[in-house]
Amino acid sequence: MSREWGFAEALVAAMVLTCCAAQDLMRQKGKMNVLFIIADDLRTSLGCYGDPIVKSPNIDQLASKSVVFKNAFAQQALCGPSRTSFLTSRRPDTTRLYDHNSYWRVHAGNYTTLPEYLKMHGYLTMSVGKIFHPGIVSNHTDDYPYSWSIPPFHPSTQKYKNAKVCRGLDGKKHANLVCPVDVEEMPERTLPDIQSTEEAIRLLKSMKSLENPFFLAVGYHKPHIPLKYPKEFLKLYPRDKIPLAPDHKIPLKLPPVAYNPWTDLRIRDDVKALNLSFPYGPIPDDFQVLIRQSYFAAVSYMDTQVGRLLNALDEQGLANNTVVVFTADHGWSLGEHGEWAKYSNFDVVTRVPLMIYAPGMTEAFPPPGQRMFPFINPFTNKVGGLPAGSMRDANVELVSLFPTLCQVLGLPRPPKCPASSFHVDLCTEGQSMAHYLHPDATIWNSELIAYSQYPRPADTPQMNSDLPSLKDIRIMGYSIRSVGYRYTEWVAYNASTFSANLSDIHAGELYFQKTDPGEDNNLYNSIEFAGVVQKLSALLKT
Ligand SMILES: *[C@@H]1O[C@H](CO)[C@@H](O)[C@H](O)[C@H]1NC(C)=O
Ligand SMILES: *[C@@H]1O[C@H](CO)[C@@H](O)[C@H](O)[C@H]1NC(C)=O
Ligand SMILES: *[C@@H]1O[C@H](CO)[C@@H](O)[C@H](O)[C@H]1NC(C)=O
Ligand SMILES: *[C@@H]1O[C@H](CO)[C@@H](O)[C@H](O)[C@H]1NC(C)=O
Ligand SMILES: *[C@@H]1O[C@H](CO)[C@@H](O)[C@H](O)[C@H]1NC(C)=O
Ligand SMILES: *[C@@H]1O[C@H](CO)[C@@H](O)[C@H](O)[C@H]1NC(C)=O
């Protein structure tokens, strides 16, 4: 395996050199800036991923000039663990963060982060909005000053996240899940993602005369719940055009340990009023439609912010020397398998959008004066006509972003981590994906495997099943996603020793992508697949 990779990478390095020698890429490489955009809880419901309903013209425009990873996966479908994992390039078993209660530098190891590494290499690094998970996870400072050159920016209105600002049918204001708002009526007459966009644009404008390259990370809060967004975005989604999830019933062979009971939805006023039974609900169909409609509207609202940001990058003349990465920390269930939110190992929550725009690599350098990212207004533009960009099918992991960016920027890649790496500050548990950025990279759409995991406190759904604290974790679900299947084993886990007992299997799942892309027909216990299960179980143990 490693020999093959060495060969492929050498070949790519050679090809990249020939392809771009004329453009003098190497000279500029050291100077490429990075705009790193992270959406919160965004599944691949985007036009560029083939979604027939969602209107995301600005992200689609970015995709049309990027290499787009169709099968990119987060290592855990929870904000804090996923972000800490991809920012340090270590898996949750190495950051030892499965909840939101520890800071890796003191709890696991003093791992170097991606922005910290770039800062060490002369980059001006800046954080706007939600990049690290806030709170204990990043020592209440977003890991400043280690990761950032200047203090991170947080939109002032994020403190109203759970405030009673959503107008209900009774005319009163509530803390609702579904929350289209009149921005003029909001505290400070704005919303967090609008503020983050303004701050990021302000920073971009000050970057023009900068000697050093910059790394600007912009973390949007939407479409994370509550689904609070300017109400005009509802117009893009007439309610009668919103279908339920195709598989909105709980599958018969779903092991109870695999199910997440979406407790964070239940605590919102509008959901509480539905008197749903715990843990299986279900949510009435008409309310399911409301959630889906507002999730899509929140995506379009976030897309508009991305559009304004990229437009500014372009206007500042930075689109020809800035690498743009767009991704999300994990996905979100919108009723699939009778589930909502994240907190599981299914494709809908582990798969994320991932696209990389690298001028001179994924797209020829724009000729002077040509606009790369003009803002697209979703209300007036006839959307949906953009070419998809270059798609890559290979299964890739967010843990690989760190070495990938290093290679794209021409910086030394962190070495591969040894088997146990708690004492190693700088190493990667991923592998560079930079070769996929080459136009001919389809030849490497090989049999890569993406790993994800999710912890549980018990075999059956509990109030803390979605987000168990470390001390309560008794079971870990390890999941592998390969080209044809997803295979998951839920095994005993000892939280005081951080050890999984792979011989103590509590439940298993096996889904075949071709016949069952929604992962509804669990074949783990089917006699005819016993051989396959045995093989995959052995693979998982390696
Ligand atoms: C952790 O790493 C940072 C940055 O490299 C360094 O400044 C700090 O002293 C280290 N902390 C410990 C406890 O080693
Ligand atoms: C975390 O923050 C506290 C309080 O600001 C500080 O004393 C401590 O040194 C920080 N931890 C690390 C590892 O920098
Ligand atoms: C929920 O329960 C409350 C109190 O028992 C009742 O007043 C209300 O009508 C119920 N709502 C629904 C949607 O069943
Ligand atoms: C990028 O565009 C700006 C403005 O058009 C121009 O001054 C600069 O030389 C260009 N840089 C590259 C690397 O093409
Ligand atoms: C976890 O490991 C510790 C140390 O070996 C042991 O004392 C404890 O009983 C174990 N816990 C469980 C739940 O097996
Ligand atoms: C792991 O689980 C197996 C099967 O239940 C059990 O026999 C074994 O003692 C367990 N190992 C440890 C270290 O707990």
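Worth saying up front: this structure is predicted, and the values here are computed from it rather than measured. Numbering of ligands and ligand atoms starts at 1, following listing order.
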Quick test: of every protein heavy atom, which one is nearest to atom 8 (C) of ligand 6, and how far off is it to 0.1 Å? N501 ND2, 3.7 Å
Run the numbers for me: atoms of ligand 5, each under 4.0 Å from some heavy atom of N494, listed by number. 1 (C), 2 (O), 3 (C), 8 (C), 10 (C), 11 (N), 12 (C), 14 (O)
Of all the atoms in ligand 5, which lie at a distance below 4.0 Å from a heavy atom belonging to S496? 1 (C), 2 (O), 3 (C)
Please confirm whether the backbone N or O of F346 pairs with a side-chain atom of T350, one donor and one acceptor, at under 3.5 Å? yes
Looking at atom 11 (N) of ligand 3, is any protein heavy atom nearer than 4.0 Å to it? yes
Among all the protein's heavy atoms, is there at least one whose distance to atom 2 (O) of ligand 3 comes out below 4.0 Å? yes
Evaluate the side-chain proximity of C406 to P414: yes if any heavy-atom separation is below 4.5 Å, no if none is. yes
Single hit among W104, Y103, Y144 for ring-ring contact (aromatic ring centres under 6.0 Å, His included) with F132: W104
Is the terminal nitrogen or CZ of R266 (NZ for Lys, CZ for Arg) located under 6.0 angstrom from the six-membered ring centre of F278 and within 45° of that ring's axis? no
Hey, what's the ring geometry for F296 with Y237, parallel, tilted or perpendicular (30° and 60° as the breaks)? tilted
Compute the centroid of each ring, for Y98 and then for Y454, and state whether the two points are separated by less than 6.0 Å. no
Flag the pair R456 / H506 as yes when at least one side-chain heavy-atom distance between them is below 4.5 Å, and no otherwise. no
Identity and distance of the protein heavy atom lying nearest atom 6 (C) of ligand 3: N275 ND2, 4.1 Å
To the nearest 0.1 Å, how far is atom 4 (C) of ligand 6 from its closest protein heavy atom, and which atom is that? S503 O, 4.0 Å
Tell me which protein heavy atom sits closest to atom 5 (O) of ligand 6, plus the residue, atom name and distance to 0.1 Å. D504 CG, 3.7 Å
Residue, atom and distance of the protein heavy atom nearest atom 13 (C) of ligand 3 read A273 O, 3.5 Å
